[in-house]
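Step one of this worksheet: look at the structure below.
Every number for a ligand or one of its atoms is a count from 1 in the order of the listing.
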Amino acid sequence: MPAVYLDHNATTPLDPRVARAMTPFLSEWFGNPHSPHETGRTARAAVEDAREETARALACDPDEVIFTSGGTEADNLALRGVMLAARQACDGRAPGPPLVLVTSGAEHPAVVETAQALAREGFPLVAAACSHTGAVTVAALEEALDRAAEIGQPALVSLMLANNETGALSPARELAALAHSRGALFHTDAVQALGKAEVSFRNVAADLLSISAHKIGGPKGAGALLVKRGTPLIPAITGGTQERGLRGGTVNVPAVVGLGEAVALAVRERAANEARVAALAYRLLERASRAAPAMRVNGPTAGGARLAGTWNLRFPGWSGEEMLVRLDLRGVHVSLGAACHSMAARPSHVLLAMGLSEEEARSSVRFSLGPANTEEEMDYVADVLEEVLSPR
Ligand code: PLP
């Protein structure tokens with residue numbers, strides 16, 4: 001059996017249809033989209049087509065799409081952009097209350113670490129408690145906003161749409177409405193939700209929303225921040241008027257073309273992919289729980305508010321790291337959590353934020369499925385788990 005890839009939340013293979021769309025822009029159509037001549041205009045038309053495609057798929061206007069180098073940059077632009085703009089708006093006036101950023105401990109490091117950096121720059125940070133599934137409830141945000149209001153003015157709430165480690169979906173629409181009712185803007189990281197759950201900028205009524213291409217069959221190094229028209233934002237990268245002055249630098253045309261194609265395909269094929277991935281996941285879970293009766297799900301259980309293909313499983317008495325190695329030796333590729341931290345000795349910050357002990361977090365492994373996985377692969381992985389977990 002060739003390697004079985006169950007780490008789709010880390011990255012996905014490039015969809016051949018996306019590769020085909022990108023190829024001409026890696027060779028003959030090489031123009032700078034900001035040049036005035038025909039070579040430039042060809043590239044510019046492709047960038048604008050990708051912007052329209054992205055906007056149509058995600059229910060926003062094309063001029064609300066700001067292309068970035070990926071999800072991490074989109075999250076940075078959202079958090080830094082809003083907080084610095086809010087501070088700038090206060091400049092010159094009598095000192096007002098501190099501007100507070102509200103997020104949770106279960107966010108991706110792109111949000112957690114940016115929020116911590118902003119805290120060091122004078123923006124107090126309040127963490128909303130996350131539930132045992134990895135999502136933040138409306139009640140938990142309400143409590144966090146009360147605490148934020150005691151410190152100053154809540155300026156921005158940033159809470160993800162789907163958790164990358166547990167697959168928990170958040171009630172984003174309700175969270176956004178609550179943030180707005182307290183005078184704060186709302187950002188959601190939809191990097192893992194896209195292609196796996198409904199992502200509609202209008203329906204969520206967010207002010208800012210991050211996406212990334214390589215999680216949905218697109219190229220690495222491409223993403224976007226959706227920015228509701230009129231949202232005050234300071235650019236994170238200066239040095240040009242590209243992307244409405246919010247992101248300086250020559251646009252990466254092949255990557256943006258790939259992003260547009262990948263977003264359109266992910267949204268169009270979501271329902272079919274979701275059904276397929278759910279059936280595969282239940283097949284694997286059913287057999288895995290027979291092989292390891294002590295196995296537990298970290299996050300929402302089957303049928304809960306969750307992504308169909310993201311399963312964080314805990315194997316009491318086992319080391320997740322050791323399991324990862326043993327599975328790898330048998331050609332099964334899984335992870336311990338976010339790829340950017342998977343080599344770290346620290347246990348997952350998401351699992352700890354959910355209330356798991358260090359030991360429980362260390363005995364957990366993430367399986368993230370994709371639509372190209374097969375039933376045979378699931379049966380093979382279940383056999384491997386049975387072998388790996390047989391009494392030592
Ligand atoms: N946000 C979430 C929820 C993610 O899972 C990831 C990637 O793992 C990112 C942001 C970062 O995206 P990128 O790799 O495009 O920078």
Return yes or no for this condition: an N or O of Gly70 is under 3.5 Å from an N or O of ligand 1.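 N/O-N/O distance under 3.5 Å: no.
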For ligand 1, is there an N or O atom under 3.5 Å from any N or O atom of Ser212? yes
Among Glu165, Glu107, Gln192, Glu73, which one has a heavy atom closest to atom 5 (O) of ligand 1? Gln192
Who gets closest to atom 4 (C) of ligand 1 by heavy atom: His214, His108, Lys220? His108
Please list, in number order, the atoms of ligand 1 under 4.0 Å from a heavy atom of Met160.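 Counting from 1, the qualifying ligand atoms are 3 (C).
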Answer with side chain, backbone, both or neither: which part of Thr72 has a heavy atom less than 4.0 angstrom from an atom of ligand 1? both
Would you say [X] and [Y] make side-chain contact, with heavy atoms under 4.5 Å?
| X | Y | value |
| --- | --- | --- |
| Leu369 | Met378 | yes |
| Arg270 | Lys196 | no |
| Pro171 | Val138 | yes |

Determine whether more than 12 heavy atoms belonging to other residues, nucleotides or ligands lie under 6.0 Å from atom OH of Tyr282. yes
Looking only at side-chain N and O atoms, does Asn163 offer a donor or acceptor that is under 3.5 Å from a partner on Gln192? no
